[in-house]
Amino acid sequence: MNLLIIAALTLVAIAAVVVVFTDDPARQAVTLSVFGLLLAILFMVLQAPDVALSQIAVGTAVVPLMIMLAVRKVRGRQ
Amino acid sequence: MNVYPYLVAVFLLVIGAFGIARSHNLIHAVGCLSVAQAGTYVLLLAVGYQHGAGAPVFGSPASTPTRNVSDPFVQAMALTDVVVSATVTALLLALSVQIGKRHGTVDPDELSALQG
Amino acid sequence: MPTFDHGAADIPALAITIPILVACLLVAFGRRIPRPVVDSVALAAALTVLGLLAALLASSSHGRVVSWTARWVPEHGYSVGIVLVADPVGAGVAVLAAALVALALLYSWHYLSSVSGHFHALMLLFLAGMVGFALTGDLFNMFVFFELMGASAYALTGMKIEDPTAVQGALNFGIINSLGAYVSLSGVALLYARVGNLSLPQLSAALAGHRPDALLIAGFVAVSTGFLVKGALAPFHFWLADAHAVAPAPVCVLFSGVMVPLGLYGALRVYWIVFARVFPHGEIRRAFLVLGVLTALVGAVMCFGQRHFKRLLAYSTIAHVGLFVVAAGLLSASGTAGALLYIAGHAGVKAALFLLGGVMLDRYGGVDEVELWGRGRDARVIPWLFVAGGIALAGLPPFGTGLGKAVSEEAGSHAGYGWFPVLFVAVSAITGGAVLRATGRVYFGLGADPRSRAHGSETSGSHERSDVDQPLRRVPLTMLVPIVGLLLGALAVGVLPGAHTAAEYAAGYFLDSGGYTAQALGSAGHVLHQTPLPNWTGLGVGLGLLSAALALAIAAVALYPPKLRVGERTTRVARAPIIALHRIHSGHVGDYVAWMFVGIAALSALVALPLQR
Amino acid sequence: MTRGLRLLLFAGGAAATVVLLVFGVLGLPHFGSSFHPYRDHAVPAAVSHKTANVVSSINFDLRGLDTFGEETILLASVVGAAVLLRPAEDEDEKRPLSGGRILDSTRLVGYLLLPVTLLIGLDTVLHGALTPGGGFQGGVVLGTGIHLLYVAGSYQALERARPEDLFEYGEALGTGAFACVGIAGLLAGAGFLGNLLPQGAFGSLLSSGSVLLLSAAVGVEVASGVVVLLARFLDQALRVGKDTPR
């Protein structure tokens, strides 16, 4: 099996643990964005450029941005 | 090594769910939910991968279509899934924002309105 | 090529598309046009879909209606397209969904003015999701429509954003259902890897007679998990009470009446078409019976302990879901027919009760039977509708609930499960009794004033936000008509001659996995034989009367508790498990996730362990 | 339930689930195997409709109903989020964004990137039938791209560039167009979402028939959807009022 794939898979798994254990949601938005980027790289090596493209757009930009904005709203209130 | 990608997929699904179970913050829980969902993408794409094949796109007019490409259906499913996840995440975040507004907290341990 | 009527073959796609198109119009223009126009357009769309689906149901009773989208018809048994298959059960569930959406839209004529247009659009999108889920014959497409139902349902649940419980209930619902859907999708991926296609007929043809190995067990359990979460089978049921208690009443009508049964429909459809020729029936039957009985008991006990009327109804839905699963879990045509009749009758009764709960909320500003004790004594018509709903829920003949219960009981006894009548009578009497107790308190002022001895950690419902802007002085006709209509519909299920015959016939198609597969893959469909069956037997009527009488007795005892000479210690010991059960229903989304995995574990143990031997 | 008990319960259930799934995946064809029956049928089908990107062919032609359902999920979520994030009855008016100095260089980068991003987005949508990409990917890029104006620090410019009503129309238009193409297929006797447009030459921009049209419809809808969603969240984040929780 391709070393590149093994490396990408391992990085994704590690990043997932980091995301789950980042308790502060504002920081989690950042780790989630990195996780999304690693996933996109994994999809690229898995011969899925279409999925990688949308993963970059959605997973590294839109979702973390929405989390940031949600956190800002909730924090602003407390 | 032939099953490592599948095991990583299962791991992502379960660790994401674990994140929700231990979460102190609903926004954090929604983030963990998207980790769990990433497990399904990885599983799908791993199922469709083929050693030595290319992406299922015959880019230039010159390139001749061949069957030596990875499975396009799992990619179509994963693509659908990515968009669904983003929008459902938006919906759940919107609900979390409202919970924060109405309860003054987004810690599930402190929400006690729906007991019994 | 199958010889089908091309007119009917176009209906499934149209019935999915029309509500979506109208929803688009409402999203774009809903806020600029007057409210009555919005109401009329949405109602007209729902009625059009209802008409189309009724025609589809009529057509499907002469054999399934099969259509491959974009005409990717199978060649040599293989197709790359998506197939829509309408058999009597699928078309029937879709008809139920459209009818309930139409009545719910009528009921909400004056409703929720702050979200006018968007509310209607979401209701129609929800309808499209339910119709698509009922009619598709493709596993991934089922997942897509499952998510569509989910997305619109979460939004509809949390619609009253000023209400703290509403948004919390909606989030619990959303997280648990999404996680369930992802588990399902993992199962879909496993099956796809094995077979290389995801249309139900092709999965069925590829797997028929296959040894039930670990991959197929994992695929079956995982795919079923998402559907059973939606179907609220214990221990996947926790979200249901939270979501139902807080959603606007017309939305609850759809949740209890058709969305939850659709979850069970999905699990059973996949089981029958894909797995029935893989797994031995005995193991699957045991799994369904065990989880069904558990669900029925948990639901009944929790139902009786509620003072929040909508939450009470929600737990009663869980209890009835247990009964449906027990009946359909017999894995026989008569058991399935019983479940179908029961689901139809229950949909009418429970929907009427939820709307009545909505009327209570709009009139008195709450749904807490303790706070509202005696408040409704001046009402004239509404209390009697409540009584009718409660007693119909208990299974009084000739309501459809009673017929479904009777047919299920007989199917169970016939299969050698003598405890079936006991379970069905007990559960329906307890849930009906709970409704009658609440009615007695609120509308007739019966019993001692309960406010003195109320204790308050549970959800009371006294702070629930009303769905209308001003408290109602009198109940408008647009609210009354759907309630009466639903009760009459429930009555019709039990009264119309041939209801039992039709249900048995529909069940025959539902169970016929070979016929489904062959017809979808291109051979001519064959018409099943129809045996005339009587609706009611003496035993069925007797057991129905018994459970109705028991419900009245239970309500009476609850309102006027006899002074028993029981030591305090005994009471405490007896109450302990009930208190523990209430504690488990904590409203905490983390707990629900933990229970969901316990459920997956239980389901896999029930299916896999016996197969190892 | 206490936290410890909950995690214990979860651990038990999850352990059994992991056992189930691991045994399940052990039965899968080995990673990288060449068993892909659907691919073997889908590639000729895509080529017969002159679609070079097989993934787009599946999404918009072979299994267009999935994508239609998925567009509808997007519509439902956007409408749902808009409803859930509407200003509540008891909320006060929005305050303009206060403070927040923005470096001139950031601003410049924002303004420079904007046209580039929009072009990339448009290109991705239009070439979806040929190269990786399509309505989803391009749409998200377009919808996010407009928000570079926010990075550039100009919320006012953003609000002008993004009248929300217009994008709600776009949202409805995208899904509606998809539905109309579907019904047109039915009327023409080609089946729901049947591909009836002339399909051009393999590999040219205007190939693949209705795939291009549907991809564009999805592009409009996804871009509008992302704009409406982000707009609602931004609006909420800025609407920090005095409405104390009850």
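In what follows, chains are A, B, ... by sequence order, proteins preceding strands, each numbered from 1.
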If we define contacts as heavy-atom pairs under 4.5 Å, which of [options] has the most with chain B?
| options | value |
| --- | --- |
| Gly80(D), Gly24(D), Ser34(D), Ala14(D) | Ser34(D) |
| Ser33(D), Ala42(D), Gly69(D) | Ser33(D) |
| Leu28(D), Leu21(D), Val22(D) | Leu28(D) |
| Ile73(D), Asp40(D), Leu229(D) | Asp40(D) |

Do Val55(D) and Leu79(B) come within less than 4.5 Å of each other through their side chains, counting heavy atoms only?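 A side-chain contact under 4.5 Å exists here.
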Would you call Phe73(B) and Arg63(D) a side-chain contact if the rule is heavy atoms closer than 4.5 Å?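 In contact.
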Please find the pair of heavy atoms, one from [X] and one from [Y], that lie closest to each other, and give the distance.
| X | Y | result |
| --- | --- | --- |
| Val69(B) | Arg39(D) | O-NH1, 2.5 Å |
| Val84(B) | Glu70(D) | CG2-CG, 3.7 Å |
| Ala81(D) | Leu91(B) | N-CD1, 3.4 Å |
| Val47(B) | His36(D) | O-CE1, 3.2 Å |
| Thr87(B) | Leu74(D) | CG2-CD1, 2.6 Å |

State the CD-CG distance between Gln75(B) and Asn59(D), to the nearest 0.5 angstrom.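 Reported to 0.5 Å precision, the distance equals 10.0 Å.
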Hey, what do you get for CG (Asp81(B)) to CG (Asp66(D)), rounding to the nearest 0.5 Å?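 Atom-to-atom, Asp81(B):CG and Asp66(D):CG are 11.0 Å apart.
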Side chain, backbone, both or neither of [X] within contact of chain B (heavy atoms, under 4.5 Å):
| X | answer |
| --- | --- |
| Gln137(D) | side chain |
| Pro37(D) | neither |
| Phe35(D) | neither |

Show, in sequence, the C-alpha distance, side-chain angles and deciding distance for Arg6(D) and Asp109(B), and conclude whether the side-chain contact (heavy atoms from CB on, under 4.5 Å) test is met. CA-CA 12 Å; Arg6(D) 168 164 65 246; Asp109(B) 294 327; 3.4 Å; yes
Hey, mind stepping through Val43(D) and Phe58(B) against side-chain contact (heavy atoms from CB on, under 4.5 Å) and telling me if it holds? CA-CA 10 Å; Val43(D) 171; Phe58(B) 308 111; 3.9 Å; yes
Among residues 6-20 of chain B, which residues come closer than 4.5 Å to chain D, judged by heavy atom distances?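 Result: Tyr6(B), Leu7(B), Val10(B), Leu13(B), Val14(B), Ala17(B), Phe18(B).
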Which residues in residues 21-30 of chain B have any heavy atom closer than 4.5 Å to a heavy atom of chain D?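 The stretch touches chain D at Ala21(B), Arg22(B), His24(B).
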